[in-house]
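What follows is a set of notes on a single structure, which appears directly below.
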Amino acid sequence: MIRKIYSSKLGTSDIGWLKSRFHFSFADYYNPENINFGTLRVLNDDQIFPNSGFDIHPHNEMEIISYVVDGKLTHSDNMGNKNAISRGDIQYMSAGTGVWHSEFNRGQEILRFLQIWIIPDKKGYNPSYGDFPFAWESRKNSWLHMVSDPEGGAPIKIHQDCNIYSLELEAGKEIQFPVNEERQAYLVQIEGSSDINGIDMTERDAMEIIGEPITIKASKTSHILLIEMKKV
């Protein structure tokens with residue numbers, strides 16, 4: 001089963017310094033039929049204007065991944081971690097029993113990043129933080145495996161049977177991804193446009209995929225994120 005989610009159907013918010021598109025119910029956007037997709041609970045496409053951001057605030061019992069599209073994201077937390085990441089890089093935080101953190105745009109250009117929350121496989125983990133700078137070329141016309149469960153092969157580990165990949169596919173090129181019968185995936189067309197199993201995708205469109213392999217052909221150079229997980 002494949003279902004396209006049009007970018008125009010996403011929840012939206014504009015509070016001046018922050019513009020957001022919500023793939024699932026979040027903040028003032030609430031749709032009882034759109035709470036989550038499997039263990040994927042939140043996917044926000046955020047734009048933060050320069051010299052602004054989220055002041056220190058709490059999280060618990062959630063795996064939180066931030067993927068930068070443009071600009072630089074600066075993180076700090078009550079565990080003593082502080083770092084900034086750029087386009088194509090990831091910050092990861094296992095909120096576990098409780099953590100406080102902040103996220104800011106300290107740069108001079110608009111910061112765009114995807115904020116992803118994954119429900120963990122159980123409660124009570126000790127909080128932890130990590131980040132990883134991925135060479136942009138490592139996703140050129142190839143799936144870059146960035147996040148996995150502890151037994152997986154990605155450099156970032158989370159407490160859930162879930163994998164996150166990124167891809168930059170040049171115009172005219174084609175690639176496949178196998179979503180088997182016991183798995184499901186959520187795909188975001190971050191930039192560019194493509195044809196996926198005969199469905200036209202444009203910037204910020206998304207797709208739910210359940211138990212069906214996909215073939216992607218880029219119409220324009222396409223920057224794509226794919227979150228693959230167990231079917232629930």
Side-chain angles (χ1 to χ4, degrees), residues 1-11 21-26 29-45 61-67 69 90 92 114-122 139 141-154 156-169 173-219 222-232:
M1 189 281 286
I2 290 179
R3 184 171 77 95
K4 176 180 175 178
I5 295 96
Y6 291 86
S7 61
S8 60
K9 301 296 184 182
L10 301 177
R21 289 176 172 85
F22 304 131
H23 287 249
F24 305 99
S25 293
F26 191 88
Y29 166 63
Y30 176 69
N31 179 349
E33 296 181 354
N34 187 32
I35 302 296
N36 63 292
F37 179 71
T39 56
L40 174 59
R41 173 58 188 89
V42 167
L43 201 161
N44 297 344
D45 191 334
E61 307 302 356
M62 197 66 65
E63 309 291 289
I64 300 173
I65 297 109
S66 298
Y67 178 78
V69 179
I90 276 183
Y92 153 68
L114 302 184
Q115 180 183 170
I116 302 160
W117 295 10
I118 304 292
I119 301 167
D121 55 15
K122 67 176 185 179
R139 78 206 78 206
N141 301 315
S142 178
W143 292 108
L144 171 61
H145 193 187
M146 302 183 296
V147 177
S148 70
D149 67 29
E151 304 303 318
I156 295 173
K157 313 293 187 185
I158 63 172
H159 300 298
Q160 185 53 268
D161 181 2
C162 178
N163 299 281
I164 301 179
Y165 301 84
S166 63
L167 166 72
E168 184 190 60
L169 190 64
K173 291 192 177 292
E174 189 174 288
I175 196 169
Q176 289 78 39
F177 192 92
V179 182
N180 69 38
E181 293 181 359
E182 302 304 318
R183 309 290 289 181
Q184 61 189 51
Y186 195 85
L187 180 147
V188 181
Q189 179 86 40
I190 301 173
E191 298 170 303
S193 59
S194 66
D195 176 292
I196 302 179
N197 286 28
I199 299 171
D200 290 330
M201 300 284 287
T202 58
E203 186 170 344
R204 291 188 166 92
D205 286 341
M207 180 175 280
E208 294 177 352
I209 307 152
I210 300 176
E212 186 171 339
I214 57 171
T215 298
I216 304 171
K217 185 171 183 179
S219 309
S222 290
H223 182 194
I224 287 170
L225 188 87
L226 186 141
I227 304 167
E228 188 266 357
M229 67 201 85
K230 64 181 180 180
K231 187 165 68 174
V232 295

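Heads up: numbering here begins at 1 and tracks the sequence.
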State, yes or no, whether a side-chain contact exists between [X] and [Y] at a heavy-atom distance under 4.5 Å.
| X | Y | value |
| --- | --- | --- |
| D200 | D195 | yes |
| V179 | P213 | no |
| T215 | N197 | yes |
| I227 | L43 | yes |
| I119 | M229 | no |
| K230 | Q160 | yes |
| I175 | N141 | no |

Counterpart residues, side chain to side chain contact (heavy atoms under 4.5 Å, CB included), relative to [X] (two or more places apart):
| X | value |
| --- | --- |
| K9 | Y6 |
| D149 | E151, D161 |
| E33 | N31 |
| K231 | Q184, I210 |

Where is the tightest heavy-atom contact between [X] and [Y], given as atom of each residue plus distance?
| X | Y | value |
| --- | --- | --- |
| L226 | L187 | CD1-CD1, 3.8 Å |
| S148 | N163 | CB-OD1, 3.4 Å |
| L40 | V42 | CD1-O, 3.4 Å |
| N36 | G38 | ND2-O, 2.7 Å |
| M207 | I209 | CG-CG1, 3.7 Å |
| R139 | S166 | NH1-OG, 3.2 Å |

Should we count NZ of K173 as having more than 12 external heavy atoms under 6.0 Å? no

Counting only heavy atoms not in K157 (residues, nucleotides, ligands), do more than 12 fall under 6.0 Å from its NZ? yes

Under 3.5 Å, is there a donor-acceptor pair between the Q189 and S222 side chains? yes

Among all residues two or more places apart in sequence or in another chain, which pass the salt bridge (charged side-chain N to carboxylate O under 4.0 Å, His left out) test with E63? none

Hey, would you say the H23 and Y186 ring centroids sit under 6.0 Å apart? yes

Just how far is it from atom [atom1] of [X] to atom [atom2] of [Y], taken to the nearest 0.5 Å?
| X | Y | atom1 | atom2 | answer |
| --- | --- | --- | --- | --- |
| N34 | I5 | CG | CD1 | 8.0 Å |
| I118 | M62 | CD1 | CE | 9.0 Å |
| E168 | E191 | CD | CD | 8.0 Å |
| D121 | I158 | CG | CD1 | 9.0 Å |
| I190 | D45 | CD1 | CG | 8.0 Å |
| H145 | I156 | NE2 | CD1 | 10.5 Å |

Sequence neighbours excluded, the answer for ring-ring contact (aromatic ring centres under 6.0 Å, His included) partners of W143 is F177

Output, in order, the C-alpha distance, side-chain angles, deciding distance and verdict of side-chain contact (heavy atoms from CB on, under 4.5 Å) for C162 and E228. CA-CA 6 Å; C162 178; E228 188 266 357; over 6 Å; no

Could you go through the side-chain contact (heavy atoms from CB on, under 4.5 Å) check for Y92 and V147 one step at a time? CA-CA 9 Å; Y92 153 68; V147 177; over 6 Å; no

Only one of Y29, Y30, F24, F22 passes ring-ring contact (aromatic ring centres under 6.0 Å, His included) with F26; say which it is. F22

Steps toward side-chain contact (heavy atoms from CB on, under 4.5 Å) verdict (I224, L169): CA-CA 8 Å; I224 287 170; L169 190 64; 5.7 Å; no

